[in-house]
Amino acid sequence: MAAQLPLDDIARLADLHPKPGHIRFQYGTAGFRTLGSVLDSVLFRVGVLAGLRSKKLDGKTIGVMVTASHNPEPDNGVKLVDPRGEMLEASWEAHATSLANAASTEDFLQAVDAVVKNAKIDLSKPAKVIYARDTRPSGPSLVASLEDGLKAIGAETRDAGVTTTPILHYLVRAINTKGTSAEYGDDSEDGYFKKLSGAFKQLVSGKPALPPLVVDCANGVGANAVEKIVPYLGDSLTFIPHNTATATPGALNNACGADYVKTTQKLPPSLANELKSGERGCSFDGDADRLMYFYIDARNQFRMLDGDKIAALVAGFIVELVKNAGLEEKIRVGIVQTAYANGSSTKYLADRLPVRCVPTGVKHLHHAAEHFNIGVYFEANGHGTVLFSPETQGTLASYEPSTPAQSTALKHLRNLVQLINQTVGDALSDLLLVETVLAHKSYSGVEWDSLYVDLPNRLVKVLVADVRAFQTEDAERRLVSPRGLQGKIDALVKRYEGGRSFVRPSGTEDVVRVYAEAVMKSQADELAFRVAGLVYDETGGDPATRPKEFL
Ligand code: G16
């Protein structure tokens, strides 16, 4: 007889985690994300779903990360990680949403059964799941709910404890590739730190050590990772960690971290006296999958080096190595960006390399980057990585260089394959990558920054009655609904020199985001607030949050 669902176990445990009646959950850009206090039922159901996903994939290990990343501390969230360490396959997002919204235990059992039938899951297969959480106070109880779901479906589990999102992604891939030719590394935090630090030390060997680096850990789990990697790095790089108060209530992502830096374009106040003219620093976000750099210039002004600048720095370095290795005929490097990429960065990169624009969300960038031999993807917010296709990794492994210069470049490329976390954006791995390039080029923030000059830009949020009323096309660069709004935005944009603006619904917060750029800062600000005002007026936003400049 074919294996059956353990309905009694699922029902008994599901009863302990009832769905709040008034909420509709959506598996979005970064999984489920909302107030931690309403996520109990979602976590239980995600546990069941993770078990089913593993069964579907013949018992491969699935990851579950409990985090709300850059969101404020009361929020929490959960996302699934597929076996190669990438985001959950898009077709399963609908299954996640349907399970999360089943109104009662009975409805939930039916929804589970529907997923089993729909996805043709062989229930006799094993289920293996590894999970982790960030440092949010709501984490432990949500993990307990998740564990109930995993128990209900009979999954074999591994608790990776409190760790960063990218380490969890690394562990998933390491577990699933163990003993294969694609082995990714030892499936432990120690394996991760050894892999990254080993490659970094090789890459910077013989280069003068860079000055110590100020790291703003956003009072999140990245603080633990930074502390742990220090002994592995030895004297190859020195950190000055800040915002490491992971146990202080309300501190997470508060006036610090990568999102703060990107959206306010300011230095976190806590670092005000830490950086002197010429010095560089960087910020992680709450789960350490985003990285922003900055430095203080000769006039004591804060200068931001965002994901676009990281992409330009890293892509330039990789292209040079590929050329120096004599591999430019075989290896094509490409870039993937989103609509948020600064217009100057797109121009700078497109003059040198193929560039693709895709909708926001790492999964979109990741998939597009897989089409290149080496795909460099970064969102402007600092979320990104570099992918080396399996063929390219094969080429790098077997290539026979014919000069000492080629041999050196090849060695560097091989080490980059080890240094870069290719499963997802990883603040720590990206930091080591940036430091590698700075060391090789003898760049300070100034030289790096001068690759191109950012167009002034502004990002604002608008709270509206119904975010779902906003739909986009053309990689989120144009609105299709509410109808007529795009035409008004176009008319406004035309009045600003170098003007560009777009409006899109956030996938992680209940807001609409408005981006604008123009040749002058005051114009970019004005355009952003005018477009935000249009959005507000069109759609009846909350009066309390109407963009202030236009009240
Ligand atoms: C997540 C996604 C990113 C996305 C960001 C903001 O980041 O992984 O790809 O750029 O949300 O998305 P939105 O503008 O739709 O809210 P994180 O770091 O929060 O996981």
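Computed from a predicted model, the values in this text were never measured in an experiment. Atoms within a ligand are numbered from 1 in the order they appear, just like the ligands themselves.
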**Student:** Among all protein heavy atoms, pick the one closest to atom 2 (C) of ligand 1 and tell me residue, atom and distance.
**Tutor:**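 Sorting protein heavy atoms by distance from atom 2 (C) of ligand 1 puts Thr29 CG2, 4.0 Å first.
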**Student:** Can you confirm whether or not the ring centre of Phe302 sits under 6.0 Å from the ring centre of Tyr295?
**Tutor:**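 No - the distance between ring centres of Phe302 and Tyr295 does not fall below the 6.0 Å cut-off.
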**Student:** Which bit of Leu365 gets closer than 4.0 Å to ligand 1, counting heavy atoms only: side chain, backbone, both or neither?
**Tutor:**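 For Leu365, no heavy atom sits under 4.0 Å from ligand 1.
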**Student:** Taking only heavy atoms of Gly361, which atoms of ligand 1 are found under 4.0 Å from at least one of them?
**Tutor:**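 The list of qualifying atoms is 9 (O).
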**Student:** Closest by any non-hydrogen atom to atom 6 (C) of ligand 1: pick that one out of Arg290, Arg504, Glu509, His383.
**Tutor:**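 Selected option, by shortest heavy-atom distance: Arg290.
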**Student:** Is it the side chain (CB and beyond), the backbone, both or neither of Thr67 that lies under 4.0 Å from ligand 1, heavy atoms counted?
**Tutor:**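 It is neither part, as no heavy atom is under 4.0 Å.
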**Student:** Hey, is the main chain of Gly286 close enough, under 3.5 Å, to the side chain of Asn253 for a donor-acceptor pair?
**Tutor:**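 Judged by distance alone, yes, a pair lies under 3.5 Å.
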**Student:** Closest by any non-hydrogen atom to atom 4 (C) of ligand 1: pick that one out of Lys363, Arg33, His70, Glu379.
**Tutor:**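 It is Glu379 that holds the nearest heavy atom.
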**Student:** Check this for me: Lys521, atom NZ, are more than 12 non-hydrogen atoms of other residues, nucleotides or ligands nearer than 6.0 Å?
**Tutor:**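 Result for NZ/Lys521: enclosed.
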**Student:** Where on Thr360 is there a heavy atom closer than 4.0 Å to ligand 1, on the side chain, on the backbone, on both, or on neither?
**Tutor:**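 Thr360 to ligand 1: side-chain contact only, backbone stays beyond 4.0 Å.
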**Student:** State whether the number of non-hydrogen atoms from other residues, nucleotides or ligands found under 6.0 Å of Lys266 atom NZ is greater than 12.
**Tutor:**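 Incorrect, the count does not exceed 12.
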**Student:** Should the proximity of His366 to ligand 1, defined as any heavy atom under 4.0 Å, be assigned to the side chain, the backbone, both, or neither?
**Tutor:**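 Near ligand 1, His366 shows nothing, with every heavy atom at 4.0 Å or more.
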**Student:** Which part of Asp285 is near ligand 1, with near meaning a heavy atom under 4.0 Å away: side chain, backbone, both or neither?
**Tutor:**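 The side chain, only.
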**Student:** Testing Asn76, Asp259, Asp287, Thr508 for side chain to side chain donor-acceptor pair (under 3.5 Å) with Ser69, which one passes?
**Tutor:**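 It is Asp287, the one option of Asn76, Asp259, Asp287, Thr508 that forms the side chain to side chain donor-acceptor pair (under 3.5 Å) with Ser69.
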**Student:** Give the numbers and elements of all ligand 1 atoms closer than 4.0 Å to a heavy atom of Arg513.
**Tutor:**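 Counting from 1, the qualifying ligand atoms are 13 (P), 14 (O), 16 (O).
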**Student:** Is it the side chain (CB and beyond), the backbone, both or neither of Val362 that lies under 4.0 Å from ligand 1, heavy atoms counted?
**Tutor:**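 Under 4.0 Å from ligand 1, Val362 contributes backbone and side-chain atoms.
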**Student:** Number the atoms of ligand 1 from 1 as they appear, then name those within less than 4.0 Å of a heavy atom of Ser506, with their elements.
**Tutor:**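 That gives atoms 13 (P), 15 (O), 16 (O) of ligand 1.
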**Student:** Under a 3.5 Å distance rule, please check whether Thr263 uses its side chain to pair with a backbone N or O of Val460 as donor and acceptor.
**Tutor:**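 No, Thr263 side chain to Val460 backbone: no donor-acceptor pair under 3.5 Å.
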**Student:** Quick one: does Gly507 get an N or O within less than 3.5 Å of an N or O on ligand 1?
**Tutor:**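 Yes.
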**Student:** Report the nearest protein non-hydrogen atom to atom 11 (O) of ligand 1: residue, atom name, distance rounded to 0.1 Å.
**Tutor:**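 For this ligand atom, the closest protein heavy atom is Thr508 CG2, 3.3 Å.
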**Student:** Look only at the side chain of Tyr260 and the backbone of Ala218, and say whether a donor-acceptor pair between them is shorter than 3.5 Å.
**Tutor:**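 Answer holds: no.
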**Student:** Taking the six-membered ring of Tyr184 as reference, does the NZ or CZ atom of Arg173 fall below 6.0 Å from its centre and within a 45° cone about the axis?
**Tutor:**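 Yes, a cation-pi geometry holds between Arg173 and Tyr184.
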**Student:** Does Asn254 use its side chain to pair, donor to acceptor, with the backbone of Gly250 at less than 3.5 Å?
**Tutor:**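 Yes: the side chain of Asn254 pairs with the backbone of Gly250.
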**Student:** Can you list the ligand 1 atoms lying under 4.0 Å from a non-hydrogen atom of Lys79?
**Tutor:**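 Every atom of ligand 1 under 4.0 Å from some heavy atom of Lys79: 20 (O).
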**Student:** Going from OG1 on Thr165 to CE on Met65, what distance comes out if it is rounded to the nearest 0.5 angstrom?
**Tutor:**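 The OG1 atom of Thr165 sits 4.0 Å away from the CE atom of Met65.
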**Student:** Does an N or O anywhere in Ser69 fall below 3.5 Å from an N or O of ligand 1?
**Tutor:**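 Yes; at least one N/O pair falls below 3.5 Å.
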